[in-house]
Amino acid sequence: MADWQKITGGITAPRGYQAAGITAGLKPSGLPDLALIYSDVEAIAAGVFTTSQVKAACVEYCRQRLQAKHSARAILCNAGQANAATGNQGWIDALESGMAIAQALNIPSESVLLASTGVIGQRIKMDALRSGIPKLVAALSETGSDAAAGAIITTDLVTKSIALETTIGDRPVRIGGIAKGSGMIHPNMATMLAFVTCDAAVSPALWQQMLVRAADRSFNSITVDGDTSTNDSLIALANGQSRTPAITEVGAESERLEAMLTAVCQHLAKAIARDGEGATCLIEVEVTGGQDELSARQIAKTIAGSSLVKSAIFGRDPNWGRIAAAAGRAGVPFELENLQIKLGNFLMLENGQPLPFDRAAASAYLKQAAKGAYLEEDTVLISVSVGNGHGTGKAWGCDLSYDYVRINAEYTT
């Protein structure tokens with residue numbers, strides 16, 4: 001059993017946080033498009049961002065802020081315009097956005113972090129953002145997580161949130177998170193946007209290290225379409241309002257907190273993969289027997305990202321040969337005679353040799369997953385063993401349907 005339990009409240013479940021989401025007129029659709037996460041006190045801040053050479057202004061803004069200061073009180077996120085590849089004016093817009101929300105909250109602009117999502121090459125509609133900020137601040141609430149989660153999405157079909165609680169030092173400690181993402185999802189970074197709050201007290205260096213490892217085991221282990229965004233950002237705040245002793249070094253308490261942080265990130269990452277554009281099911285790939293965790297995860301990510309594997313799952317075709325081919329090209333050496341492949345409970349390859357299996361039943365398993373309950377019974381499990389090593393890795397993806405092409409063909413038109 002896990003050392004934590006699921007609770008309600010999302011991003012505002014941890015103590016000392018408020019959130020809001022409003023319609024400011026940034027999206028042509030008229031849907032909610034401006035979100036704010038706010039800590040009552042200065043919080044330790046950590047971030048992991050896109051590795052793309054084409055970075056949005058908000059990404060560079062956050063990088064600079066976190067290099068200068070490892071804390072923050074507010075995260076402002078706009079949806080509708082990515083403000084990426086928008087030149088110097090896009091940078092000016094980012095600075096103005098940060099200053100505007102800081103003034104409205106009466107906090108230093110250095111305590112503000114930014115995120116944007118939407119169409120690349122489009123600047124933020126600054127008039128709409130300026131007029132929306134007073135309304136956004138007025139809407140801040142300790143129950144505002146759902147509103148914020150709804151205001152950061154673009155092509156997502158569902159909002160994504162989670163909150164967990166554990167006990168540290170005989171006091172409850174909570175971590176909550178929200179995320180958005182449906183397309184342009186691929187490792188390094190693959191988060192699109194994710195925001196995490198925590199009410200524990202953690203040293204800045206340790207919090208950043210925890211977040212990097214959690215990202216590697218979650219957002220950097222999902223793929224929808226092989227494309228990495230210009231705006232991918234994972235930002236985590238820890239404000240200490242649980243009143244537990246500060247965690248400053250590696251030990252049992254830090255390991256428990258990191259495990260819960262990883263669980264939050266994995267839930268959000270799986271929700272993003274399941275909500276992949278046009279997807280009908282989640283694909284979970286587990287690789288065992290690797291030389292180490294990194295190599296096992298690399299094989300898992302290659303399988304989850306294979307267009308041929310994804311297409312076969314959508315076609316309800318138990319074509320294990322595509323799984324074997326993807327594992328073989330992952331760049332990780334292993335012996336073919338050690339390879340084992342299972343699809344759900346169907347063992348298809350053992351010791352590198354094909355086995356007879358009920359193809360109709362395996363196809364039915366794939367069909368059933370497409371009808372399953374969201375993030376419960378809608379998961380196709382692919383299990384691969386490559387040897388006798390101790391390395392285990394997981395990755396998540398989704399099937400590739402006709403609708404993926406339609407959605408992206410019509411994205412800006």
Side-chain angles (χ1 to χ4, degrees), residues 1-2 185 187 190 217-224 262-263 265-276 278-290 293 295-328 330 332 334 338-352 354-387 389-401:
M1 295 291 292
I185 306 295
R217 291 167 178 159
S218 58
F219 299 111
N220 278 341
S221 294
I222 61 172
T223 183
V224 168
T262 301
C265 290
Q266 286 183 341
H267 175 91
L268 295 174
K270 288 191 285 186
I272 288 173
R274 174 61 185 90
D275 198 27
T280 68
C281 62
L282 178 70
I283 300 172
E284 178 174 298
V285 183
E286 181 175 29
V287 175
T288 58
E293 179 186 350
S295 61
R297 197 163 64 233
Q298 179 60 33
I299 297 172
K301 288 193 290 186
T302 304
I303 296 169
S306 165
S307 294
L308 290 177
V309 171
K310 291 155 65 71
S311 298
I313 299 300
F314 175 69
R316 320 309 176 206
D317 177 12
N319 187 347
W320 62 262
R322 293 182 175 182
I323 300 171
V332 177
F334 63 85
N338 291 329
L339 184 62
Q340 179 193 87
I341 295 175
K342 289 177 66 178
L343 179 66
N345 292 322
F346 297 92
L347 183 60
M348 300 174 165
L349 187 77
E350 180 78 51
N351 298 323
L355 299 176
F357 67 93
D358 189 333
R359 184 171 294 274
S363 180
Y365 165 72
L366 298 176
K367 293 176 183 176
Q368 186 60 40
K371 300 175 182 178
Y374 178 72
L375 289 183
E376 292 180 9
E377 299 167 345
D378 59 350
T379 304
V380 171
L381 298 176
I382 296 175
S383 304
V384 176
S385 178
V386 295
H390 298 293
T392 298
K394 286 186 178 183
W396 297 270
C398 60
D399 56 342
L400 183 61
S401 74

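Computed from a predicted model, the values in this text were never measured in an experiment.
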Take Val384 and Ile303 through the side-chain contact (heavy atoms from CB on, under 4.5 Å) test and state the conclusion after the steps. CA-CA 10 Å; Val384 176; Ile303 296 169; 3.9 Å; yes
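- Between Leu343 and Ile382 the shortest side-chain heavy-atom distance falls below 4.5 Å.
- In this model, no donor atom of one side chain and acceptor atom of the other lie less than 3.5 Å apart for Arg322 and Ser307.
- Nearest heavy-atom pair across Asp399 and Cys281 is OD1-N, 3.4 Å.
- Within 6.0 Å of CG on Asn345 lie no more than 12 heavy atoms contributed by other residues, nucleotides or ligands.
- Here the closest non-hydrogen pair linking Leu400 and Ser311 is CD2-OG, 3.8 Å.
- Between atom OG of residue Ser363 and atom CG of residue Asn319 there is a gap of 11.5 Å, rounded to the nearest 0.5 Å.
- Annotation for Cys398 and Ala279: closest pair CB-CB, 3.6 Å, computed over non-hydrogen atoms.
- Here the CH2-CZ distance, from Trp320 to Arg359, works out to 9.5 Å after rounding to the nearest 0.5 Å.
- Atom CE of Met348 is separated from atom CZ of Phe357 by 4.0 Å, given to the nearest 0.5 angstrom.
- A distance of 11.5 Å separates CZ in Phe314 from CD1 in Ile283, rounded to the nearest 0.5 Å.
- In terms of heavy atoms, Leu282 sits closest to Ala273 at CD1-CB, 3.6 Å.
- Contact check for Glu377 versus Lys371: no side-chain heavy atoms found under the 4.5 Å cut-off.
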If you apply the rule side-chain contact (heavy atoms from CB on, under 4.5 Å), what do you find for Leu381 with Glu286, and how did you get there? CA-CA 8 Å; Leu381 298 176; Glu286 181 175 29; over 6 Å; no
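- Side chains of Leu355 and Gln340 form no contact here, defined as non-hydrogen atoms less than 4.5 Å apart.
- Looking at every heavy atom in both residues, Val309 comes nearest to Ala326 through CG2-CB, 4.4 Å.
- Using a 4.5 Å cut-off on side-chain heavy atoms (C-beta onward), Arg217 and Gln266 make contact.
- No side-chain heavy atom of Ile272 sits under 4.5 Å from any side-chain heavy atom of Trp396.
- Here the CD atom belonging to Gln368 is positioned 11.0 Å from the CZ atom belonging to Arg316, to the nearest 0.5 angstrom.
- Between Arg274 and Asp378, some side-chain heavy-atom pair lies under the 4.5 Å cut-off.
- A distance of 5.0 Å separates CD1 in Ile313 from CG in Leu366, rounded to the nearest 0.5 Å.
- Smallest separation of non-hydrogen atoms from Asp358 and Phe346: O-CE2, 4.0 Å.
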